2 protein chains.
Amino acid sequence: MKNTTPSPAGTRDPELTRSRILQAATELFVEQGYSAVSMSQVAKAAEVTKSLIHHHFGSKERLWEAVKERAFEHYFVEQMAMGERVGEPDADFLRDSVTAYFRFLKDNPTVVRLFAWAHLEEDAACGEMDRSLVEAGAKWIRQAQQRGALRDDVNPTHVIASFVMTCTQWFEARSHHAHWPGIGDDEAFLEDYLKIFMEGMTPRQ
Amino acid sequence: MKNTTPSPAGTRDPELTRSRILQAATELFVEQGYSAVSMSQVAKAAEVTKSLIHHHFGSKERLWEAVKERAFEHYFVEQMAMGERVGEPDADFLRDSVTAYFRFLKDNPTVVRLFAWAHLEEDAACGEMDRSLVEAGAKWIRQAQQRGALRDDVNPTHVIASFVMTCTQWFEARSHHAHWPGIGDDEAFLEDYLKIFMEGMTPRQ
DNA sequence: ACGCTAACTGGCCGACCGGTCAATTAAACG
DNA sequence: CGTTTAATTGACCGGTCGGCCAGTTAGCGT
């Protein structure tokens, strides 16, 4: 049981150092992307030497990987937790899931931006990561379809893809549509989107 | 009337040079983003000297602006043309518009990726650009709503935002969902998305 | 034919890049 | 306690960065 946070001014704490570096790197990478950030910038922001970063992470690229891995794991864990408390395969639960996903992205702009950077560098890791989540979600939707709770003439994976992508893009491309005439805030958009999406997923009589 | 393309081997043609540079820069920037691309790389790809790029474009940043401006103008012109042939304010025309937008993005991956880069650097220009397009689209939707052709309890701007974002993200984040189990190809996804979206936009009886 | 303008070149600049290395020093362990 | 291990430092590396500048050269108006 060692003391971590106190740090008797001049003491060494490799774990805290690692996380300080990781934190500084995350903030910079999230904002500017991999290539625009220099090791010296990270070092300065984390208040350590450049060499120390190399000591702990090996290279700039591995630091970048560590940053992404940490954020995506956070995403994965949260989504898994969300998947745990799975409810009845009905329309209400679908609505709740979309809402929860939307709110998660809203509360985790870091994840949103890292996803965007990862997409641009064709990093397949994030897609592989939520494979199982999508699979589980699709299975759940199929159940709801068989039950007659959701329309059954659409591919369950496409259902997930469509709402995941809409939520993601809403936050990724904020700067794009933020000044569109008549656009509302997060909640107003979510409300309208849910109206369209849920109505679209309701089985015909 | 000067000859442009022939180029008697050793002749000067500033306009062609400019466009050669712009083309090379576009390809590189689209692929790797602003900061990952160096002026020497562009120079090599365009088969000109670095100094010549500076002569024509002033700086790396202005070259980047020129690249984006060119692509976004292409987008704008195409969308304007699409807006010209506006049809009846009914559901069918909405479906056709979504389809056309989806196909445009599919055929113009350069625009898609430049949008993504622009979003990440919070470039508001692309949003300002299609302000008027969105305004016109929203007006059209409002007409359809008043006519009873589309459900009228949703913000028209949100309707546009929702399908624009879905289409955009489908192509921007291809690497993300491309390997999801059960996901279909472009046309299969579009078909399912249209089912949900159009049904969601249909007025209740 | 001549001169001007602008396209175009090559060489160079200081700054900074990611990364290495040997030396210092604090903590962990016996 | 001494020894070992690893956290940490600062000096330093070759290479590349974006950009500048002085000079050359082609086209164009007169």
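Being a predicted model, the structure only gives us computed values, none of them experimental.
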Next item on the list: Look at A:Asp96 together with A:Arg103 and state whether they make a salt bridge at an N to O cut-off of under 4.0 Å.
Entry: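 Looking at A:Arg103 together with A:Asp96, the answer is no, because their closest N to O distance does not fall below 4.0 Å.
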
Check: Less than 6.0 Å separating the ring centroids of A:Phe189 and A:Trp170?
Finding: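 Centroid distance A:Phe189-A:Trp170: below 6.0 Å, so yes.
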
Next item on the list: Report yes if the distance between the aromatic ring centroids of B:Phe102 and B:Tyr193 is under 6.0 Å, otherwise no.
Entry: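 No, the ring of B:Phe102 stays outside the 6.0 Å limit from the ring of B:Tyr193, centre to centre.
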
With hydrogens left out and only the distance checked, is there a donor-acceptor pair under 3.5 Å joining [X]'s side chain and the base of [N]?
X	N	result
A:Lys60	C:dG19	no
A:Ser51	D:dG10	yes
A:Arg12	D:dT8	no

Note to self: As an exercise, state the distance from CZ of A:Phe171 to OG1 of A:Thr166, rounded to the nearest 0.5 Å.
What the structure shows: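 It comes to 11.5 Å.
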
It should be established whether [X] places a side-chain nitrogen or oxygen under 4.0 Å from OP1 or OP2 of nucleotide [N].
X	N	result
A:Ser40	C:dC16	no
B:His56	C:dC8	yes
A:Ser38	C:dC17	yes
A:Thr11	C:dA27	yes

Note to self: So if I take every side-chain heavy atom of A:Met39 and compare against C:dG10, C:dG18, D:dT8, which nucleotide ends up nearest?
What the structure shows: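 Closest nucleotide among those given: C:dG18.
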
Check: To the side chain of B:His55, which of D:dT8, D:dG19, C:dC8 is closest?
Finding: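 Ranking D:dT8, D:dG19, C:dC8 by closest atom to the B:His55 side chain puts C:dC8 first.
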
